[in-house]
Amino acid sequence: DQQVKQNSPSLSVQEGRISILNCDYTNSMFDYFLWYKKYPAEGPTFLISISSIKDKNEDGRFTVFLNKSAKHLSLHIVPSQPGDSAVYFCAASAQGGSEKLVFGKGTKLTVNP
Amino acid sequence: DTAVSQTPKYLVTQMGNDKSIKCEQNLGHDTMYWYKQDSKKFLKIMFSYNNKELIINETVPNRFSPKSPDKAHLNLHINSLELGDSAVYFCASSQHTIGAVDTQYFGPGTRLTVL
């Protein structure tokens, strides 16, 4: 039962262009969403998050958009850089203060020079 | 300085053996976690401890036993290893803020291979 889905296992973009990574969720109780980035042989590192009371959160080149009615969120990276090449995990949490994160399977982003 | 460290990084063992994975965090966090990333790449929570007390225990076989000697350490002991236990195990830690979702900091992972 996949509550958090990342339907694109991989994405390839050119340096300087926009990368858009998508995530869908099924559990309407989720109210906090996070993106983690993972390099090979390392643990995931936190990138950006958004609360369900917002529809957009921006941090430098990274912006996360949340569409609650569609149960969809996306991560935009612009401009994309080769160092952004990594696996990106979408994660969600229910009831605000819960420590339990539910992760998607990840999308491998490759940014070509 | 490594914030969340795990040992060993790689572990290859035979079916039926008992093994332990250690985790330490130097961030002063109250909460620590164990996650399993299986061959299908899903990252799933197994356990969570807050200040040495078990607070999350997902449906994990009782062959898996976490132990937290203090709030900076959370070890994972696995008895009678099975082929299906082969995975990458990640330790993580976070602060514990009531009513908030705190950022979790992950260790580098331990790749367990059961032959």
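Just so you know, these numbers come straight off a predicted model, no measurement behind them. Each chain gets a letter, A, B and so on, in the order the sequences are listed, and its residues count up from 1.
Contact of B:Lys44 with chain A is not made at all, since no heavy-atom distance falls under 4.5 Å. Looking at B:Tyr105, neither its backbone nor its side chain comes within 4.5 Å of chain A, counting heavy atoms on both sides.
By the rule that hydrophobic residues join a cluster once side-chain heavy atoms approach within less than 4.5 Å of another member, B:Leu76 and B:Tyr49 end up as members of one cluster. A chain of hydrophobic side-chain contacts below 4.5 Å, direct or via other Ile, Leu, Val, Met, Phe, Trp or Tyr residues, connects B:Leu81 to B:Met46. Connection of B:Val114 to B:Val88 is not established within any shared hydrophobic cluster, with ILVMFWY side chains joined at heavy-atom distances below 4.5 Å, either directly or through further cluster members.
For the pair A:Phe89 and B:Lys41, the tightest heavy-atom approach, listed with the atom from each and the gap, is CE2-O, 3.9 Å. Closest heavy-atom contact between A:Leu101 and B:Tyr35: CB-OH, 3.9 Å.
Applying the 4.5 Å side-chain rule to ILVMFWY residues, one finds A:Ile20, A:Val78 in the same cluster as A:Ile18.
The side chain to side chain donor-acceptor pair (under 3.5 Å) search around B:Glu58 returns A:Lys100, not counting sequence neighbours.
For A:Arg17, the CZ atom is loosely surrounded, since the number of other residues' heavy atoms within 6.0 Å does not exceed 12. Applying the 6.0 Å contact sphere to NZ of B:Lys22 captures no more than 12 heavy atoms from other residues, nucleotides or ligands.
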Using residues 102-113 of chain A as the side-chain source, report each donor-acceptor pair under 3.5 Å to any protein atom, sequence neighbours left out, with the distance given to one decimal.
unit_1   : atom_1 : unit_2  : atom_2 : d
A:Thr107 : OG1    : A:Ser8  : O      : 2.6
A:Asn112 : ND2    : A:Ser12 : OG     : 2.8

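Put simply, the side chain of A:Val4 does not reach to within 4.5 Å of the side chain of B:Phe42, judged on heavy atoms.
Within residues 37-60 of chain A, the residues approaching chain B closer than 4.5 Å by heavy atoms are, in numerical order, A:Lys38, A:Ala41, A:Glu42, A:Gly43, A:Pro44, A:Phe46.
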